[in-house]
Amino acid sequence: MIRDKNCGDIREPDIGSVMTITGWVFRRRDHGGLIFIDLRDRSGICQIVFSPDVAVDAHEIAHDLRAEYVISVSGEMRKRPDGTENPSIPTGMTEMYVHKLVVLNRAAALPFNMEEAAEAGEALRFRHRYLDLRRPEMQQNLMMRHRIIKGFRDYLDMKSFLEIETPMLTKSTPEGARDYLVPSRLNPGHFYALPQSPQLFKQILMVAGFEKYFQIVRCFRDEDLRADRQPEFTQVDLEMSFVDMDDILGLIEDMMKTIFRETLGTDIETPFQRLSYNESMERFGNDKPDMRFGLELKDMADLAGGGNFKVFLDALQSGGMVKAINGKGMAALSRKELDILTSEAQSFGAKGLAWIKVKNGFESPIAKFFPEEILRSMAKRLQAEEGDLMLFIADRSKVVYDVLSRMRLELGKRLNLIQPDYKFVWITDFPLLEWDEEEERFQAMHHPFTSPIAGDMEKMLAGDAGDREMLSSLKAMAYDIVLNGNEIGGGSIRIHRRDVQKKMFEVLNISDTEAEVKFGFLLDALKYGAPPHGGIALGLDRLVMLMTGATSIRDVIAFPKTQKAFCMMSGAPALVEPKQLKELHIKTDEV
RNA sequence: GGGGUGGUAGUUCAGCUGGUUAGAACGCCGGCCUGUCACGCCGGAGGUCGCGGGUUCGAUCCCCGUCCGCCCCGCCA
């Protein structure tokens with residue numbers, strides 16, 4: 001070993017001992033006489049002192065030290081003189097008096113200030129990711145990620161889950177996201193796909209009798225990126241046999257509780273609240289509600305219909321809805337501020353925003369369309385009191401939900417209603433199918449292997465594949481796990497009967513031949529004694545983001561890609577040699 | 001594919017209604033400094049104003065195109 005101890009581990013018992021420590025020069029304070037350096041390694045920082053009274057040559061060399069030089073220093077650990085201790089760091093009682101300094105490596109002037117790197121542009125941080133990752137904040141993030149992953153592994157191992165790897169070179173599936181394709185040299189014109197998830201393989205593992213499987217696995221989706229979406233991301237993927245939905249939800253709750261306790265020391269509340277998809281939409285306007293605050297949506301159709309405000313009446317008549325939320329204490333907003341709020345609503349897709357101030361009665365351009373009694377009922381339903389602002393959206397249901405759910409979040413932030421906390425919620429009873437207007441057929445809302453809920457199973461089997469109304473009413477035995485308004489995972493009880501699976505393909509308008517070509521191996525497997533099974537996949541990156549307080553998953557991924565799926569450090573993707581393309585039997589169009 | 005926003009010194013940003021010499025802070029370089037911890041003080045260097053075109057006597061500023069980052073819609077579970 002070329003060092004005796006980590007910088008951040010130095011404590012008072014080390015006083016008096018002579019040792020060697022190594023690290024990066026973090027900050028330097030060169031007084032000409034005394035030189036102080038904060039030496040940093042992964043564990044933390046330690047102040048070292050160069051004095052001409054202790055070692056003339058080391059002191060001489062120390063003048064030339066610069067940020068991020070890698071050095072080794074040997075010397076005596078001493079108690080800091082009275083009054084010079086630094087209580088703000090764990091090593092603040094001690095300092096090393098260096099008698100020997102070795103510069104292990106020099107560093108060029110940095111492209112950005114490490115201490116203010118959080119403010120530096122992401123493009124720059126990504127290009128020099130090795131420097132960005134050297135920052136304590138990023139190191140903390142990745143250490144937390146490690147502990148969380150270890151938490152999952154330990155917990156699932158304890159519960160007798162087996163970690164089994166599945167192929168990365170796999171087969172393109174037509175449903176779901178766009179695949180990343182990999183050309184096959186040995187099979188001209190044929191392509192592998194990188195997995196969007198190990199879905200089919202984990203089901204096969206259940207058929208194969210492993211009963212409890214998990215994997216911390218990379219998944220790939222060639223879709224456009226967001227702050228919480230990367231083209232490659234990590235799932236905690238698991239599947240179990242002989243279980244029902246409550247078994248899986250219970251296991252995940254206990255697992256989360258364990259991991260939050262062990263990594264953050266936080267005690268989260270279990271069991272998690274459960275909301276049906278419909279209830280979530282009604283009350284919050286989306287299927288991933290942030291449960292840390294109220295501001296719930298209220299249906300106003302009956303009251304709105306009792307006036308003669310044309311916008312409301314039109315919306316209701318054409319099958320739309322009128323819903324509202326209560327902007328607590330916002331009656332003081334000026335006309336101009338209300339205009340801004342309105343254009344915000346419009347940017348979310350609304351045609352307009354109707355508002356009624358509860359202020360000396362009711363103040364609003366639309367108040368005149370409603371009898372006093374209805375206005376009072378509206379206020380009552382929204383629990384609006386003097387000083388509040390009632391905000392209405394009237395439109396098609398999709399628009400109303402979309403706009404109000406976003407306004408709810410916006411107001412929650414603005415009114416400071418969102419306290420730091422971890423509020424989980426399960427969303428259940430999703431529709432099994434979703435009508436695709438463009439393709440004029442049903443799509444599986446979760447995926448085509450999801451079982452209907454028990455009561456709907458016979459309905460689907462007995463029903464006609466063209467019965468749109470019946471099919472739209474079917475509920476899936478699927479569940480999403482939502483944390484603070486972020487979807488962090490989802491799963492379902494799968495179809496384990498071949499006849500049900502075939503019916504599902506029929507409903508989805510996937511022909512026998514097509515099903516055979518695309519999922520034949522799963523259908524085959526279902527013939528040979530498939531146990532009832534189900535599982536879930538958790539989005540690890542999002543979970544770590546929330547647990548570290550990061551604002552983007554890019555801050556919890558060591559080497560993330562930009563919004564154009566470009567790696568600024570390595571330069572991937574890149575052009576390749578014509579020879580490589582030729583071997584792969586590939587000709588490109590452009591460039 | 002679409003909407004929004006940004007790109008000026010190594011970095012973060014300012015730069016008025018288009019005007020002659022493009023600034024600040026931090027960093028960098030040189031000097032001074034023996035108790036600092038964002039050390040301090042003095043001095044200095046450092047600019048393809050993303051790129052291309054246009055309008056203009058004159059463009060960092062206006063217009064068009066383009067590239068890149070970020071946020072969002074579509075897309076994606």
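Keep in mind that this is a model prediction, so the values were computed, not measured. The chains referred to below are lettered A, B, ... by the order of the sequence lines, with proteins before strands, and numbering in each begins at 1.
Qualifying ring pair (Phe, Tyr, Trp, His ring centres under 6.0 Å) partners for A/Phe36, counting only residues two or more places apart in sequence or in other chains: A/His31. Evaluation of the side-chain hydrogen bond (donor to acceptor under 3.5 Å, both in side chains) rule for A/Arg28 yields no partner, not counting sequence neighbours. For the side-chain contact (heavy atoms from CB on, under 4.5 Å) test, residues two or more places apart in sequence or in another chain that qualify with A/Val217 are A/Pro198, A/Gln215, A/Cys219, A/Gln235, A/Asp237. The side-chain hydrogen bond (donor to acceptor under 3.5 Å, both in side chains) check on A/Asp480 picks up nothing, with sequence neighbours excluded. For the side-chain hydrogen bond (donor to acceptor under 3.5 Å, both in side chains) test, no residue two or more places apart in sequence or in another chain qualifies with A/Gln563. Qualifying side-chain hydrogen bond (donor to acceptor under 3.5 Å, both in side chains) partners for A/Asp14, counting only residues two or more places apart in sequence or in other chains: A/Lys5.
Listed in residue order, the members of residues 65-90 of chain A having a heavy atom less than 4.0 Å from RNA chain B are A/Arg66, A/Arg80, A/Pro81, A/Thr84, A/Glu85, A/Asn86.
The partner of B/rG40, taking Watson-Crick or G-U wobble pairs whose two distances both stay under 3.5 Å, is B/rC32. B/rA9: no Watson-Crick or G-U partner with both key distances under 3.5 Å is found in any strand. Remark: B/rC76 base-pairs with no nucleotide; criterion is Watson-Crick or G-U wobble with both hydrogen-bond distances under 3.5 Å.
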- Indicate for each nucleotide in nucleotides 70-77 of chain B, in 5' to 3' sequence, whether protein heavy atoms under 4.0 Å reach the base (B), only the sugar-phosphate (S), or nothing (-). BBSBBBBB
- Task: Summarise protein proximity over nucleotides 10-15 of chain B in one line of letters, 5' to 3': B for base, S for sugar-phosphate only, - for none, counting protein heavy atoms closer than 4.0 Å.
- Result: SSS---
Please list, for nucleotides 6-8 of chain B, all pairs of protein and nucleotide N/O atoms separated by less than 3.5 Å.
none

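Between A/Arg29 and B/rC39 there is a side-chain N or O to OP1 or OP2 distance below 4.0 Å.
Sorted pairs that involve residues 56-67 of chain A and meet salt bridge (Lys or Arg N to Asp or Glu O under 4.0 Å), not counting sequence neighbours, are lacking altogether. Sorted by first then second residue, the salt bridge (Lys or Arg N to Asp or Glu O under 4.0 Å) pairs that include residues 561-576 of chain A, not counting sequence neighbours, are A/Glu232-A/Lys561.
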